[in-house]
Engineer: 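Mind having a look at this structure? Questions to follow.
Residue numbers count from 1 along this sequence.
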Amino acid sequence: MSLTIYGIPASRAVRPLWAATELGLHFQHVNLPYQGGATRTPAFLALNPNGHIPVVVDQRPAEQGGEVVVWESMACALYIARHHGQPDGVSITPANPREDAEALRWSFWVVTEAEADALTVLMHRMVMPAERRKPELAEAAERRLAVPFGVIEQHLGRQQGAGAAYLAAERFTVADLCVASVLNWARPSHALMTAHPLTHQWIVRCMERPAQVAVKALGQA
């Protein structure tokens, strides 16, 4: 059985790369960029006809279905956690149906409610050259993000009150991985971070994990 992950860490491919690294898996990393036509070749389009990274290719024994191809970054991360981790209450893999439900709902939630605006904040507060940034777009995105950030802030407060430091459990799980990978894009917004201190602290804890640091190093190798 072998696992191959296509995509650069500085993209949504960070999610399956992070999941695999958290689990200590041996995998092949194809450092494929999303620019320059690399994802439009016939070979890659045969894997993902959308022409996007990431893609996960899981070569499994014939009795387990043979080759499995997964695309869409959240699906890739959730798949890796579910099918390559152990539901032991220690790893990022959900240990029971409640944790699995939390991982599913928060992952879908963050894509629907926050991803586009968080990316706008990242681009127009930090990534784009200063002369191309449009502060008004970042400000509008931050106003919209106040709603989902309020939701996550309240949830984290309830979790802390119950003795749990993370979204789905007392430990870090794939739910935190998926959501933090998106909300981290909004960290250049000082206003959002100041107004939501529990969320800010949780994002920092997630992004400082050794596995996340190791994934960043993949992009610099």
Engineer: I'd like to know if the side chain of Thr41 and the backbone of Gly37 have a donor-acceptor N/O pair within less than 3.5 Å.
Structural biologist: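 Not a single qualifying donor-acceptor pair exists.
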
Engineer: I need the Gln160 CD to Leu198 CG distance, nearest 0.5 Å.
Structural biologist: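 Between Gln160 CD and Leu198 CG, I get 5.0 Å after rounding to 0.5 Å.
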
Engineer: Any side-chain heavy-atom pair from Pro94 and Thr173 closer than 4.5 angstrom?
Structural biologist: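 Not touching, per the 4.5 Å side-chain cut-off.
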
Engineer: Do His196 and Ile152 have side chains that approach each other closer than 4.5 Å (heavy atoms only, starting at C-beta)?
Structural biologist: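 Counting from C-beta outward, His196 and Ile152 never come under 4.5 Å.
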
Engineer: Mind checking side-chain hydrogen bond (donor to acceptor under 3.5 Å, both in side chains) for Asn50 and listing every partner two or more places apart, or none if nothing turns up?
Structural biologist: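 With neighbours one apart ignored, the set is Asn48.
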
Engineer: Can you find a pair of side-chain heavy atoms, one from Glu139 and one from Arg125, that are under 4.5 Å apart?
Structural biologist: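 Yes, their side chains come closer than 4.5 Å.
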
Engineer: List the residues meeting side-chain hydrogen bond (donor to acceptor under 3.5 Å, both in side chains) with Glu131, not counting sequence neighbours, and say none if there are none.
Structural biologist: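 Result, side-chain hydrogen bond (donor to acceptor under 3.5 Å, both in side chains) vs Glu131: none returned.
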
Engineer: If you compare all heavy atoms of Val14 against all heavy atoms of Pro9, which two are closest, and at what distance to 0.1 Å?
Structural biologist: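 Residues Val14 and Pro9, closest heavy atoms: CB-O, 3.3 Å.
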
Engineer: Keeping to residues at least two apart or across chains, list the ring-ring contact (aromatic ring centres under 6.0 Å, His included) pairs with something in residues 108-134.
Structural biologist: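 Residue pairs passing ring-ring contact (aromatic ring centres under 6.0 Å, His included), neighbours aside: Trp106-Trp109.
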
Engineer: Measure from the side-chain N and O atoms of Gln212 to the backbone N and O of Met207, and report whether any donor-acceptor pair falls under 3.5 Å.
Structural biologist: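 Side chain of Gln212 to backbone of Met207: no pair is present.
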
Engineer: Return each pair, listed once, that meets salt bridge (charged side-chain N to carboxylate O under 4.0 Å, His left out) where at least one residue sits in residues 84-95; pairs must be two or more places apart or across chains.
Structural biologist: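 Applying salt bridge (charged side-chain N to carboxylate O under 4.0 Å, His left out) to every pair that reaches into residues 84-95, excluding sequence neighbours, yields nothing.
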
Engineer: Would you mind listing the cluster partners of Val69? Hydrophobic ones only (ILVMFWY), side-chain contacts under 4.5 Å, chaining allowed.
Structural biologist: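 Result for Val69 is Tyr6, Ile8, Val30, Leu32, Tyr34, Phe44, Leu47, Ile53, Val55, Val57, Trp71.
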
Engineer: Looking only at non-hydrogen atoms, find the nearest pair between Ala38 and Pro33 and report the distance.
Structural biologist: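 Shortest heavy-atom separation between Ala38 and Pro33 comes out as CB-O, 3.7 Å.
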
Engineer: Testing the basics here: between Ala20 and Ile5, what is the closest heavy-atom pair and its distance to 0.1 Å?
Structural biologist: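 Closest heavy-atom pair between Ala20 and Ile5: CB-CD1, 3.9 Å.
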
Engineer: Got a donor-acceptor contact below 3.5 angstrom from the Thr39 side chain to the Gly51 backbone?
Structural biologist: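 Pair found, side chain donor or acceptor close to backbone of Gly51.
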
Engineer: So, taking the atom named CG in Leu23 and the one named CD1 in Ile80, what distance separates them when rounded to the nearest 0.5 Å?
Structural biologist: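 Between atom CG of Leu23 and atom CD1 of Ile80 there are 8.0 Å.
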
Engineer: Same cluster or not: are Trp202 and Val151 linked, directly or through other Ile, Leu, Val, Met, Phe, Trp or Tyr residues, by side-chain heavy atoms under 4.5 angstrom apart?
Structural biologist: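 Both belong to a single hydrophobic cluster.
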
Engineer: Testing the basics here: between Thr21 and Ala214, what is the closest heavy-atom pair and its distance to 0.1 Å?
Structural biologist: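 In terms of heavy atoms, the two residues are closest at CG2-CB, 4.1 Å.
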
Engineer: How many angstroms lie between CG in Leu145 and CZ in Arg143, if you round to the nearest 0.5 Å?
Structural biologist: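 Spacing of CG (Leu145) from CZ (Arg143) equals 11.0 Å.
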
Engineer: Quick one: CD on Glu142 to CG on Leu137, what's the gap to the nearest 0.5 Å?
Structural biologist: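 The CD atom of Glu142 sits 11.0 Å away from the CG atom of Leu137.
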
Engineer: So do Leu104 and Leu78 actually touch side chain to side chain, heavy atoms under 4.5 Å?
Structural biologist: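 Yes - at least one pair of side-chain heavy atoms lies under 4.5 Å apart.
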
Engineer: Using the ring-ring contact (aromatic ring centres under 6.0 Å, His included) rule, collect all pairs that involve residues 8-30, keeping only residues at least two apart or in two chains.
Structural biologist: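 Residue pairs passing ring-ring contact (aromatic ring centres under 6.0 Å, His included), neighbours aside: Trp18-Phe172.
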
Engineer: Work out which heavy atom in Ser189 is nearest to a heavy atom in Val121; give both atom names and the distance.
Structural biologist: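 What the structure gives for the nearest pair is CB-CG1, 4.0 Å.
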
Engineer: Between Glu102 and Leu167, is the side chain to side chain contact (heavy atoms under 4.5 Å, CB included) condition met? List the steps.
Structural biologist: CA-CA 8 Å; Glu102 292 289 302; Leu167 291 183; 5.6 Å; no

Engineer: Could you check if a side-chain atom of Asp58 sits within less than 4.5 angstrom of a side-chain atom of Val70, using non-hydrogen atoms only?
Structural biologist: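 Counting from C-beta outward, Asp58 and Val70 never come under 4.5 Å.
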
Engineer: Atom CD in Gln201, atom SG in Cys206: separation rounded to 0.5 Å?
Structural biologist: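 Gln201 atom CD to Cys206 atom SG measures 12.0 Å (nearest 0.5 Å).
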
Engineer: So for atom CD, which belongs to Gln86, do other residues, nucleotides or ligands contribute more than 12 heavy atoms lying within a distance under 6.0 Å?
Structural biologist: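 Open: at most 12 neighbouring heavy atoms sit under 6.0 Å from CD of Gln86.
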
Engineer: Taking only residues at least two apart or on different chains, which pairs with a member in residues 197-209 satisfy salt bridge (charged side-chain N to carboxylate O under 4.0 Å, His left out)?
Structural biologist: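 Qualifying pairs: Glu22-Arg209.
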
Engineer: Linking directly or through intermediates, with side-chain heavy atoms under 4.5 Å: list the remaining ILVMFWY members grouped with Met128, chain and number order.
Structural biologist: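 Result for Met128 is Leu119, Leu122, Met123, Met126, Val127, Trp185.
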
Engineer: Listed by chain and number, what are the side-chain hydrogen bond (donor to acceptor under 3.5 Å, both in side chains) partners of His155, not counting sequence neighbours?
Structural biologist: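 Applying side-chain hydrogen bond (donor to acceptor under 3.5 Å, both in side chains) to His155 gives none.
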
Engineer: Quick one: which residue pairs count as a salt bridge (charged side-chain N to carboxylate O under 4.0 Å, His left out) with a foot in residues 163-183, not counting sequence neighbours?
Structural biologist: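 The answer is Glu99-Arg171.
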
Engineer: For Arg15, which residues count as a side-chain hydrogen bond (donor to acceptor under 3.5 Å, both in side chains) partner, sequence neighbours excluded?
Structural biologist: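 Once residues adjacent in sequence are excluded, the partners of Arg15 under the side-chain hydrogen bond (donor to acceptor under 3.5 Å, both in side chains) criterion are Ser73, Glu115, Ser181.
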
Engineer: Counting C-beta onward and ignoring hydrogens, is there a side-chain heavy-atom pair between Val204 and Met193 closer than 4.5 Å?
Structural biologist: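 A side-chain contact under 4.5 Å is absent here.
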
Engineer: To check you understand the geometry: which heavy-atom pair defines the closest contact between Ala175 and Ala168, and what is its length?
Structural biologist: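 Here Ala175 and Ala168 meet closest at CB-CB, 4.2 Å.
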
Engineer: Following the transitive rule for hydrophobic clusters with a side-chain heavy-atom cut-off under 4.5 Å over Ile, Leu, Val, Met, Phe, Trp and Tyr, establish whether Leu17 and Val213 coincide in one cluster.
Structural biologist: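 No.
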
Engineer: Tell me, do Arg82 and Pro87 make a side-chain contact under 4.5 Å, heavy atoms counted?
Structural biologist: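 Heavy-atom side-chain distance check fails, nothing below 4.5 Å.
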
Engineer: My understanding is that only residues two or more places apart in sequence, or in another chain, count here; which of them pass salt bridge (Lys or Arg N to Asp or Glu O under 4.0 Å) with Arg133?
Structural biologist: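 Listed in chain order: nothing, the list is empty.
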
Engineer: Rounded to the nearest 0.5 Å, what separates atom CG in Leu192 from atom CG in Leu183?
Structural biologist: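 Between Leu192 CG and Leu183 CG, I get 9.5 Å after rounding to 0.5 Å.
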
Engineer: Is a side-chain N or O of Gln59 found less than 3.5 angstrom from the main chain of Ser2, in a donor-acceptor match?
Structural biologist: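 No, Gln59 side chain to Ser2 backbone: no donor-acceptor pair under 3.5 Å.
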
